[in-house]
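Read through the structure below, which is laid out as structure tokens, and then see the notes.
Keep in mind the model is a prediction, meaning the values are calculated, not measured. Every chain is numbered from 1 and lettered A, B, ... according to where its sequence line falls, protein lines coming before strand lines. When reading the values below, keep in mind they use all heavy atoms of this one structure, side chains included, and skip hydrogens, waters and symmetry mates.
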Number of protein chains: 2
Amino acid sequence: MSQTPESTGVRRAPTMADVAQRAGVSHQTVSRVLSHHPNVRDSTRAEVLRAIEELGYRRNSSARALVTRRTLTLGVVACNPTLFGPASTLFGLEEAARDEGYLVSAVTLRQFTPKALEEAIDHLSEWGVEGIVVIVPHRAAVAALAELRLPFPVVTVEGGHSLPIPGVSVDQELGGRLVTEHLLAAGHRTVWHVAGPGGWLEAEARIAGWQAALREAGAEVPEPLVGDWTPLSGYRAGQELAGRAAAGRVRGRGPEVTAVFVANDQMALGVTRALREAGLSVPAQVAVAGFDDIPEAEFFAPPLTTVRQDFAAVGQASIRLLVSRLEAATVQTGDDERVVIEPRLIVRASTIRP
Amino acid sequence: MSQTPESTGVRRAPTMADVAQRAGVSHQTVSRVLSHHPNVRDSTRAEVLRAIEELGYRRNSSARALVTRRTLTLGVVACNPTLFGPASTLFGLEEAARDEGYLVSAVTLRQFTPKALEEAIDHLSEWGVEGIVVIVPHRAAVAALAELRLPFPVVTVEGGHSLPIPGVSVDQELGGRLVTEHLLAAGHRTVWHVAGPGGWLEAEARIAGWQAALREAGAEVPEPLVGDWTPLSGYRAGQELAGRAAAGRVRGRGPEVTAVFVANDQMALGVTRALREAGLSVPAQVAVAGFDDIPEAEFFAPPLTTVRQDFAAVGQASIRLLVSRLEAATVQTGDDERVVIEPRLIVRASTIRP
DNA sequence: AGTGCCATCGTTAGCGTTCACAGCCAGGTC
DNA sequence: GACCTGGCTGTGAACGCTAACGATGGCACT
């Protein structure tokens, strides 16, 4: 054997021509075998496959991408990827993309600013992604996105439906409504709300659902408190609520606090803790409900009533949307632009009076 | 102007030649401008940049990769990316990679099997990654990895140090030791342990640290219970422990249960809940400690003593390791193969007797 | 004035693949 | 036997970029 790749110093990856030579065919035939073209005799196909095996040949993706003009790569821009929701979405999304034959590259934003978003997208398009999914549910993000006019399709997750950008989202408003109605049905006069930070579309939609449910029931609508999704901010809001609960209606600071709908489970944890510390028992004196149904929620003390979102489905749907846009090419269906997924209320002990 | 791209139907992305023509230079000069080559006159550089701007030109990454033989892409294989730890690592890793000028593509494993791991790696190498980080802290995963003999460098995260694969990890054994010593110092005769699932290196290292601390203190070493990282499995283990606590030493089922070291925070939540339900108060009757310091831990009831791992640092270190291996090329330093990061004990109410 | 150097720029040749096209040979039809 | 058809295979030309080298002209130094 004259093959002593070690001796040559630089061992170069085998190319299609190498395989062709070894199999005694042309490089084009090798290409045909690789792309499962039918018109190849079985015997030569076998020969080629053997050569591929022996050389450990792998198709060069760059060369392929160059000529086909397809990188088969999708980009994702995500914002708080350590949170359960975004992480789960990313997970489902990646799996779906892989099934469709795409690779996904993610860029994470430490904190959302229009500039950071643009840089992230820039970074991705520098590598030739064919499309991107943006999981930055911020009002300004979607607005910035609409401005950008990118040369590839974009799909948002929880990006709201006010702008003409295709996207998928959970019906957050319905979620807020479900929780609120559940609490009202349990006999509470009204329901307080600890909201997510301003500008976050999910936060706003949950507020809207909560308000709508209260109005429809003719209940008083208290001023919502505002957190930033973290347990700590929930804790602070909980302290505030505990103060009001103690004061009652006396000082005219809104209705009595007997039920709280918190915009996510982490903050609900903080709220519960603060209420407890203030001597208020949950759920006996104050009912607390969250949103997301993180794995821990079931084991909180007490187990947390919450709204479950099918994050995996969201991820899958976003990929379907993006891929359909990619494959369609010229054909602009333009109809399946919005996917809305229904959330589900999960009732647990935190809202059930003993 | 004869430029009517709309009229041609297919608007093709502008190429370097287009820019060159518009700027009145050769494509090579455009290339030089793009790669910040010094020997370009300022005036022509400006001209080229203007043409680039006007045409909205972007370098074709595939063509570039083809000729430079560098895709500037790194792959990651992760296992439970919805968990706080892996998600945080991924996050830090991506950021570090971006700073180094790389794009990272992640593939997630729903569940670890050697086959799934191999497929994931296959998928990545199909796209021409230059190296990969494997965040699958399973004994069999690292073993399978060592077998594979891949044509690009691999770095493990929490992959243990028994095999000759470079990797970075937190000193889990030290973590287990710190918790155990803390509990012993608080006056507990011994410490029980709820471990992670078998085969997981982190679980094993934490067991080792726990055992070592007990032995050194001359304390009895109970049989560890085994969970699977989920709150539910912790709950089950907690029920088991509660049963033993009630039985005391009577039935000879091991030492008294007054302190439990749980291998992660989620399971610790389940354990605490089960103990509470059984009428045992935490920490008055049983002290509970966890591992990871997830954001919720501080707000558990009671706030959880735990071990904080700097996941972001882990991610960064893994990228440094990988990139150094990539840039080094022929130079085999071979020394900086292992990075160990020290964890930190965070003491909270769950282990402090009132 | 001749020489050399250096900054600046253009020309050419690949990188490894797919696509379009053209050949070839067997088998069927008239 | 001439012709066509269709399965199978090879040849050449892109794809858009960078690397290597060559050409040019201005400047300083001999």
Side-chain angles (χ1 to χ4, degrees), chain A residues 10-49 51-52 55-73 101 125-130 151 329, chain B residues 10-49 51-52 55-73 101 125-130 151 329:
Chain A
V10 254
R11 156 159 46 182
R12 280 269 280 307
T15 163
M16 208 168 243
D18 298 335
V19 175
Q21 190 183 354
R22 187 172 190 110
V25 295
S26 77
H27 63 122
Q28 177 59 14
T29 299
V30 177
S31 174
R32 272 190 271 257
V33 170
L34 253 0
S35 46
H36 303 107
H37 191 93
N39 289 353
V40 177
R41 209 190 319 159
D42 283 352
S43 60
T44 62
R45 182 191 309 278
E47 201 67 30
V48 169
L49 288 174
I52 288 175
L55 291 172
Y57 168 76
R58 309 215 64 148
R59 231 169 357 182
N60 181 314
S61 60
S62 305
R64 208 167 128 71
L66 176 58
V67 65
T68 58
R69 299 163 187 287
R70 307 251 0 219
T71 58
L72 295 178
T73 303
S125 61
E126 200 75 36
W127 265 261
V129 295
E130 294 187 33
Chain B
V10 255
R11 157 158 46 184
R12 280 268 281 305
T15 164
M16 206 169 244
D18 298 335
V19 175
Q21 190 183 356
R22 188 173 189 109
V25 296
S26 78
H27 65 122
Q28 178 60 14
T29 300
V30 177
S31 173
R32 272 191 272 257
V33 170
L34 254 359
S35 48
H36 303 106
H37 192 93
N39 289 352
V40 178
R41 210 189 316 160
D42 283 351
S43 60
T44 62
R45 181 190 310 277
E47 200 67 30
V48 169
L49 288 174
I52 287 175
L55 291 173
Y57 169 75
R58 309 216 63 149
R59 231 172 352 183
N60 180 315
S61 60
S62 305
R64 210 167 126 71
L66 176 59
V67 65
T68 58
R69 297 162 188 288
R70 306 254 355 223
T71 58
L72 295 178
T73 302
S125 61
E126 200 75 36
W127 266 260
V129 295
E130 293 188 33

Beyond-backbone contact of R45(B) with V48(B), side-chain heavy atoms, under 4.5 angstrom: no
Side-chain heavy atoms of L72(A) within contact of W127(B), under 4.5 Å: yes
Presence of T44(B) side-chain N/O under 4.0 Å of dC9(C) phosphate oxygens OP1/OP2: yes
Net bend of the helix from dA1(C)-dT30(D) to dC30(C)-dG1(D), end axes of five pairs each, nearest 10 degrees: 50°
R59(B) CZ to M16(B) CE distance, which is reported to the nearest 0.5 Å: 6.0 Å
Between dT18(C) (C1') and R32(A) (CZ): distance, integer Å: 11 Å
T71(B) side chain near V129(B) side chain, heavy-atom distance below 4.5 Å: no
Distance in angstrom units between L66(A) CG and dT18(C) C1', rounded: 10 Å
Nucleotides bounding contact with chain A, strand DNA chain D, heavy-atom threshold 4.0 Å: dC8(D) to dG16(D)
4.5 Å side-chain heavy-atom contact, S61(B) and E126(A): no
Distance, rounded to the nearest Å, where E47(B) contributes CD and dC9(C) contributes P: 11 Å
Within 6.0 angstrom of Q21(B) CD, more than 12 heavy atoms from elsewhere: no
Residue whose nearest DNA chain C nucleotide is more 5′ - L34(A) or S26(B): S26(B)
Among dT18(C), dT17(C), dT8(C), the one nearest T15(A) by side-chain distance: dT17(C)
For atom CG of N60(B) and atom P of dC15(C), their distance in whole Å: 18 Å
Between P of dA7(C) and CD of Q28(B), the distance in whole Å: 17 Å
5' precedence on DNA chain C between G24(B) and V67(B) (nearest-nucleotide basis): G24(B)
N or O in side chain of R41(B) less than 4.0 angstrom from dC9(C) OP1/OP2: yes
Pairwise side-chain contact, R22(B) with D18(B), heavy-atom cut-off 4.5 Å (strictly under): no
Within-4.5 Å side-chain heavy-atom neighbours: I52(B) and L34(B): yes
Length of the line joining M16(B):CE and dT11(C):C1', which is rounded to integer Å: 15 Å
Between dA26(C) (C1') and N39(A) (CG): distance, integer Å: 14 Å
dT18(C) OP1/OP2 closer than 4.0 Å to side-chain N/O of R64(A): yes
Heavy-atom pair of closest approach, residues V40(B) and H37(B): CG2-O, 3.9 Å
Whole-Å gap separating C1' (dG14(C)) and NE2 (H27(B)): 12 Å
